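Remember, it's a predicted structure, so these values are computed and weren't measured experimentally.
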Amino acid sequence: MITKEQVLAALSHVEDPDLKKDLVTLNMIKDVKIEDKTIGFTLELTTPACPMKEMLKNACTNAVRHFVLADAEININITSRVTKPLDISQLKDIKNIILVSSGKGGVGKSTVASNLAVTLAKDGAKVGLIDADIYGPSVPIMFGLIGAKPSARETEDGKSLILPIEKYGIKLLSLGFFADPDQPVPWRGPMASNAIKQLFNDADWGELDYLIVDLPPGTGDIHITISQSFPIAGAVIVTTPQQVALADTRKGLAMFRMPGINIPVLGVIENMSYFTPAELPENKYYIFGKNGGKELAEKYDVPFLGEIPLVQGITASGDSGEPISMENDSPIAASFTEIAGKIAQQISINNVQTANC
């Protein structure tokens, strides 16, 4: 007769390759049920975007059949419970805040932030997106929400909270929702910083696994305000391979390592890595240079998260209000899925390491 203890003993041989502990010790095995030769249990991952879910599922199946019963019928239900840093007193319902940054404008940072948000939401995570690029907000265009205005609700203590606009399963806020799209926003630093703080503190975000923040170019007041005012899980650096972009991106990356900021850099994404014509999908033309992002990641000893090619579909999808990651059969969507998985994976590792310190 098979027992729960036998099943757990078998699964204790399966190690999470990132966290370097077995699944039972990590409390990732739940609800073990046994009926004759049928063994069922839940595998609770640290993120729905885990890139190793199939590998872990197969490893669990093999372990049970090897250590318990060779011809067992195994039913594994995969769920997730996103981890968060230990000390996160502010915004307690938001588990992880991810900054998408670059020292250079025009590298596709907003495109990357939007598609990462869509990808994580498609995987089942609860996702929010703040467009903090106060001088050139792009989220209203990329999500087809030009002219949209958020509503508000009043709390029991009389405080008014902004209700983020929801689209594609993502909660969205942008200063572009509150300003005339044809008018510039000539705000000085303190005024801009206070406006951005309101998007965090005065909004009804509810429970979120990930809140992605699309930062403006440079290393100015907005970056410092957000970095020092809120508990940040990590920053993602976006660049193109061009040396002109890399010169500014290096400064943006170094900013997060300054003693007064000290935010983990989750990795580097190289956007517009090469041009691929739709009619010649196997061809690659390195218009802006080659391997600049990878070399930047190696120099600063941070993960290189991947390349995003320059293709017409990305531009067209952004302009139409449907980020390209909405297309399930798109190779570009697959690239964003891989990158989002690496980011979520790195956050989980950091959170577990923090908890064990």
Side-chain angles (χ1 to χ4, degrees), residues 1-69 72-98 119-128 205-211 231-234 264 266-267 303 337 340-357:
M1 187 174 180
I2 302 171
T3 65
K4 176 181 177 180
E5 288 70 25
Q6 287 177 300
V7 174
L8 291 175
L11 293 173
S12 69
H13 292 276
V14 182
E15 184 180 89
D16 185 300
D18 290 322
L19 306 180
K20 309 302 181 186
K21 293 182 180 180
D22 70 87
L23 302 185
V24 176
T25 299
L26 290 168
N27 199 28
M28 294 169 69
I29 304 299
K30 311 280 188 180
D31 304 324
V32 178
K33 296 178 181 178
I34 303 162
E35 186 174 339
D36 296 328
K37 293 184 177 182
T38 301
I39 300 171
F41 55 89
T42 295
L43 171 59
E44 186 180 72
L45 303 173
T46 56
T47 172
C50 178
M52 297 181 297
K53 64 179 69 174
E54 289 302 319
M55 183 273 288
L56 289 172
K57 181 179 179 180
N58 292 335
C60 288
T61 299
N62 294 336
V64 172
R65 287 181 174 157
H66 179 76
F67 291 103
V68 180
L69 186 64
E73 180 179 338
I74 302 170
N75 299 321
I76 303 177
N77 176 40
I78 297 181
T79 63
S80 64
R81 180 173 55 86
V82 176
T83 59
K84 66 178 182 179
L86 270 182
D87 183 16
I88 187 162
S89 54
Q90 283 179 291
L91 306 171
K92 59 184 178 60
D93 291 329
I94 299 174
K95 293 182 178 179
N96 299 284
I97 300 174
I98 305 170
T119 300
L120 289 169
K122 283 173 62 179
D123 281 331
K126 298 174 183 176
V127 182
W205 288 107
E207 292 185 4
L208 294 180
D209 296 317
Y210 305 101
L211 177 60
I232 309 299
L266 302 172
T337 297
K342 290 179 180 179
I343 292 170
Q345 184 179 30
Q346 191 61 48
I347 288 173
S348 295
I349 295 170
N350 292 351
N351 288 348
V352 171
Q353 289 176 344
T354 301
N356 291 334
C357 289

Assess whether side chain to side chain contact (heavy atoms under 4.5 Å, CB included) is satisfied between L45 and T79, documenting all intermediate values. CA-CA 6 Å; L45 303 173; T79 63; over 6 Å; no

A quick test of your reading: do over 12 heavy atoms of other residues, nucleotides or ligands sit less than 6.0 Å from NZ of K30? yes

Taking C-beta and beyond as the side chain, do [X] and [Y] meet within less than 4.5 Å on heavy atoms?
| X | Y | value |
| --- | --- | --- |
| D93 | L208 | no |
| P303 | Q346 | yes |
| K95 | T83 | no |
| I76 | F41 | yes |
| V82 | I347 | no |
| P17 | L56 | yes |

Rounded distance [0.5 Å steps], [atom1] in [X] versus [atom2] in [Y]:
| X | Y | atom1 | atom2 | answer |
| --- | --- | --- | --- | --- |
| L8 | T3 | CG | OG1 | 8.5 Å |
| L69 | Q6 | CG | CD | 9.5 Å |
| K84 | N351 | NZ | CG | 10.0 Å |
| I98 | L211 | CD1 | CG | 8.5 Å |
| K4 | I39 | NZ | CD1 | 13.5 Å |
| T42 | N77 | OG1 | CG | 4.0 Å |

Could you go through V14 and L23, starting from their C-alpha distance and side-chain angles, then the distance that decides it, and tell me whether this counts as side chain to side chain contact (heavy atoms under 4.5 Å, CB included)? CA-CA 6 Å; V14 182; L23 302 185; 3.6 Å; yes

Restricting to non-hydrogen atoms, name the atom on [X] and the atom on [Y] that form the minimum distance, rounded to 0.1 Å.
| X | Y | value |
| --- | --- | --- |
| P264 | A233 | CG-O, 3.7 Å |
| D22 | S12 | CB-O, 3.1 Å |
| S80 | P48 | OG-CD, 3.3 Å |
| A340 | T119 | CB-CG2, 3.7 Å |

Listed by chain and number, what are the side chain to side chain donor-acceptor pair (under 3.5 Å) partners of K20, not counting sequence neighbours? none

Charged N-O contact under 4.0 Å between K126 and D209: no

Keeping D123 on the side-chain end and A125 on the backbone end, is there a donor-acceptor pair under 3.5 Å?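 Pair absent, no side-chain N/O of D123 close to backbone of A125.
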
Residues 45-69 vs side chain to side chain donor-acceptor pair (under 3.5 Å), sequence neighbours excluded, gives T46-S348, T47-Y210

Would I29 and V7 count as a side chain to side chain contact (heavy atoms under 4.5 Å, CB included) if you check the C-alpha gap in whole Å, the side-chain angles of each, and the deciding distance to 0.1 Å? CA-CA 10 Å; I29 304 299; V7 174; 5.9 Å; no

Might you work through the side chain to side chain contact (heavy atoms under 4.5 Å, CB included) test for D18 and M52, ending with a clear yes or no? CA-CA 10 Å; D18 290 322; M52 297 181 297; 2.8 Å; yes

